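Each chain gets a letter, A, B and so on, in the order the sequences are listed, and its residues count up from 1. On a predicted model such as this, the values are computed, not experimentally measured, just so you know.
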Amino acid sequence: MEAILKRNRLGQWITELQERAEIYAPDFVEDTWEFAKVGRGATVELNHSNTVRPAKRFVFPQREVLYRFRIENSQSPKLTDTEPKVESTVVFGVRPCDGRAMVRNDRVFTCGFSDPYYQARHDNVVFVGLACNAPPSQNCFCVSVGGSPHSEDGLDVLMTELDGRYHVKALTDKGSDIVRSAGDLFQDVKAADMDDVGNAHAIALEYSQRSISSMEAVAAALRRNFDSPIWDKLARACIGCGACTYLCPSCHCFDINDEVTNKSPLTGARVRTWDNCQFPDFTMHSSGHNPREDTGARLRQRICHKLLYFVETHNMQQCTGCGRCITHCPVGIDIVKIANVMEEGVWQ
Amino acid sequence: MIPVEDIRARAKDLLQSGKVRAVLGYRRSTAGLLAEPAFMTTADETAALVLDPTCVGNLALYLVNEKKRMKHARQSDKRPLGIVAKGCDSRAITVLLQENHIRRDEVIVLGVSCETGGMIDTRKLNKALRGKGATSAHFEGEGGVRVSYVGGGTILPGKDVLADRCLECAKSYPLDADFFFGEKVDERPYGPRFAAVSAIAEKGSEERSAFWDAHFERCIRCYACRAVCPMCYCDECVVDSTNFIVGPTTSADEKADRVRWINRSATPSENAMYHMVRAMHLAGRCIDCGECERVCPVNIPLRLLNTMLEREALEMFQYTPGIDAEQPSLISSFRDGDPNDFVR
Amino acid sequence: MQDAAAAKHDAQEFEPKVVAFLCKWCSSAGSDLAGVSRLKYPANAVPIQVMCSGSVSPIYILSAFNKGADGVLVSGCHPGDCHYLKGNYYARRRIFLVQKLLQFIGVEPDRFRMSWVSAAEGVKYAEVITDFVNDLKALGPQTKLKAKR
């Protein structure tokens with residue numbers, strides 16, 4: 001289902017959707033772009049660079065309470081389910097790289113076993129994508145990892161900005177639903193509109209991006225170089241923070257902790273929080289042994305998980321080329337450069 | 001203006017003569033405008049060394065990290081490390097010396113003066129350029145910064161693009177250097193010290209409370225602030241979920257009984273706890289390199305917490321960190337005349 | 001008129017929780033003296049005996065707020081009287097900074113207090129607690145640093 005929305009009607013569409021859902025859109029908060037809740041009557045201008053934090057938190061929040069527990073007088077514990085009751089949510093301005101990352105997250109959380117917390121959130125959120133007419137970050141490389149500035153994967157709707165109007169394409173039932181519900185705001189698509197869409201998409205592809213020439217060659221090189229000393233060299237500057245992974249749209253590792261609120265009776269919650277392979281305690285064994293002891297081994301894990309292991313198990317890179325880990329690395333560690341160094345084998 | 005060739009020549013000489021095992025400096029990065037840390041071990045590599053307003057990082061951090069690394073290294077090279085250090089970076093080295101974390105003979109300081117310049121703040125620069133991505137930045141004398149971007153270039157006044165910490169810098173050159181480059185400039189054309197923290201301190205309590213609530217709520221606990229700080233060198237941090245002093249002989253009971261001061265959940269209260277503990281732990285130690293604030297992906301103005309305590313230390317205890325490796329630290333010393341009125 | 005009465009009623013209802021870190025050698029003994037002297041003072045304070053006010057880490061204070069304290073008191077020996085000679089001087093400097101930091105992030109100044117109470121000052125201990133609890137009642141519950149779970 002495709003339609004045309006005049007630019008000045010975007011606000012009206014959002015207002016109508018606010019009757020039934022919470023709306024999020026990129027907003028410039030504290031000098032950074034963030035998905036923020038759109039207040040009633042607030043204007044949304046979809047002219048953002050890539051948001052600092054990706055859209056994954058709408059399906060996989062940083063903290064999720066799995067259940068609450070209470071143990072009284074040495075009886076068996078009483079558990080309370082806390083499966084999230086999620087408000088209907090529509091997220092505007094999701095870049096195609098974040099959409100493609102959602103496909104990867106689905107693989108992890110819903111294939112084989114469906115994670116009820118993830119699923120409950122996923123069922124209630126609609127991702128409205130915005131095609132990139134120009135790269136929204138200087139470190140974009142979506143094309144190299146099989147994506148495109150107008151990829152539809154993982155999105156429910158894809159909007160493409162044209163002159164004074166948006167081409168709106170619903171990709172799923174959830175997507176069709178939010179377009180149909182405000183049907184009178186939209187116009188039919190004419191042949192000229194389709195030409196404009198084609199042009200916009202073609203121009204977007206012509207912008208130069210960071211590039212990796214062959215992902216197969218990179219994967220093969222990573223497989224060969226597991227024990228290479230290059231990792232220590234590449235990670236020499238790594239400070240061991242978790243910015244790269246926490247900001248990644250497809251990183252999905254988590255930790256589970258009990259948060260005790262009362263000692264007697266013992267009450268508390270079992271909580272799932274994001275975890276991060278770049279932290280030293282991620283692989284810490286209870287014996288005190290740490291198999292990934294240094295930053296070299298941890299950097300290798302991050303790169304190999306994205307570009308090798310995930311390919312082996314799911315036949316796709318886990319990286320979607322948003323460039324956040326490069327832009328926000330405090331010391332300039334660059335996955336594109338690392339991939340290229342690997343492929344060319346220049347250090348040997 | 002320091003000719004970069006001078007520093008390259010010195011680094012090359014140190015490496016060729018075998019006096020150092022490596023030189024830590026800056027080189028261009030593929031990731032963006034800011035220079036990245038360079039670990040130069042051969043004389044050839046020094047050709048890539050750069051020095052300009054994009055060399056924001058505090059390399060003193062790597063003295064700490066290298067020490068940890070050397071503990072696990074199979075063979076240890078005992079030669080010192082050469083390090084390019086700005087005024088603030090050298091103060092960090094002085095604090096590390098003061099705390100006996102490193103020895104003076106483990107490091108050869110190539111001190112560089114920022115003179116009337118400083119380091120750029122990319123957020124300010126992006127604002128000044130209205131979204132045009134800068135490709136290079138150089139000093140242009142009299143505190144101006146010449147910036148190039150795709151399809152043009154411009155000269156911006158330093159006060160518009162330099163980091164707050166540089167505008168408020170009290171000593172823009174190293175006090176303790178083995179080799180010194182540049183001029184010692186004491187009169188700088190910028191704003192008063194503690195300008196940023198004063199602006200917040202003057203607000204009412206409720207406004208300040210709301211200000212920090214909003215910021216702490218956005219923290220994702222990536223710990224970039226902690227990781228980048230040369231003073232955050234504890235082997236074990238209160239926020240970590242496992243215990244680094246756990247060994248093969250630690251019993252299950254001991255592990256279970258470990259106090260959990262701060263939960264892993266990135267909730268406002270836990271985030272506030274984390275940042276306050278960190279601020280307290282840096283009282284009298286923070287030398288205002290501003291790295292915590294720079295690396296924060298969500299722009300929490302962390303430097304304010306540290307400079308607030310720095311200001312109190314200066315005004316109430318006449319204490320300045322990082323100027324003298326022999327002075328007793330702020331927290332491990334006292335005077336009879338310390339403030340007493342606040343005690344009932 | 002009615003509002004004021006209601007507010008007064010609420011203030012009476014709210015019983016603040018105070019965590020008091022008391023030096024074993026002075027303030028803790030002072031609190032015992034207040035008890036055996038049958039002095040009347042509010043029962044809101046949970047005393048935690050520490051070896052010295054200088055042994056109170058800032059994280060104890062922050063953690064008390066995090067776990068729901070409405071006010072925190074650190075009480076030690078008068079300057080010059082420390083059992084360990086200078087622990088209270090270190091404490092004074094450190095607590096001063098903690099107080100400034102708490103105020104800077106917007107915690108009301110009255111929620112955190114330090115006092116010098118000797119083993120002979122049972123009356124002063126009762127006064128300190130009474131004043132503190134009254135001030136906290138006016139402020140209401142502490143929510144800023146309290147963990148929401």
Pick from C/G54, C/P109, C/P58, C/S57 with the largest number of heavy-atom pairs that fall under 4.5 Å of chain B = C/P58
request  = Let me know if B/S265 has heavy atoms under 4.5 Å from chain C in its side chain, its backbone, both or neither.
outcome  = neither
ask   = Where does B/N340 contact chain C at under 4.5 Å (heavy atoms): side chain, backbone, both or neither?
value = both
note = Hits for side chain to side chain contact (heavy atoms under 4.5 Å, CB included) against B/H281, two or more places apart or cross-chain, chain-then-number order -> B/C234, B/R285
query = With under 30° as parallel and over 60° as perpendicular, where do the rings of B/Y233 and B/H101 fit, or are they tilted in between?
reply = parallel
query = Side chain, backbone, both or neither: which part of C/K146 has an atom under 4.5 Å from a heavy atom of chain B?
reply = backbone
Which portion of B/M276 sits near chain C, non-hydrogen atoms under 4.5 angstrom = both
inquiry  = Could you check whether B/D288 pairs with B/R91 (Lys NZ or Arg NE/NH1/NH2 to Asp/Glu carboxylate O, under 4.0 Å)?
reply    = no
query = Counting distance only, does the side-chain N/O of C/S27 pair as donor-acceptor with the main-chain N or O of C/V117 below 3.5 Å?
reply = yes
message = Counting heavy-atom pairs under 4.5 Å with chain B, which one of C/D131, C/V98, C/T143, C/V107 comes out on top?
response = C/V98
query = So what's closer than 4.5 Å to chain B heavy atoms on C/R113: side chain, backbone, both or neither?
reply = side chain
message = Heavy-atom cut-off 4.5 Å, strictly under: side chain, backbone, both or neither for C/E127 against chain B?
response = neither
task = Determine the option with the most heavy-atom pairs under 4.5 angstrom with chain B, choosing from C/K124, C/K100, C/R94, C/Q103.
result = C/K100
query = Parallel, tilted or perpendicular: which describes the rings of B/W261 and C/Y60, with under 30° parallel and over 60° perpendicular?
reply = parallel
query = What part of B/V197 gets closer than 4.5 Å to chain C, counting heavy atoms only: side chain, backbone, both or neither?
reply = both
request  = Among the options B/L304, B/I262, B/V343, pick out the one with the most heavy-atom pairs lying under 4.5 Å from chain C.
outcome  = B/V343
message = To check you understand the geometry: which heavy-atom pair defines the closest contact between C/M51 and C/C23, and what is its length?
response = O-SG, 4.2 Å
ask   = With no hydrogens and no angle check, is any side-chain donor or acceptor of B/E291 less than 3.5 Å from a backbone partner on B/V228?
value = no
query = Salt-bridged, B/E310 to B/R193, with N to O below 4.0 Å?
reply = yes
task = Pick one of side chain, backbone, both or neither for B/A283, based on which atoms fall under 4.5 Å of a heavy atom in chain C.
result = side chain
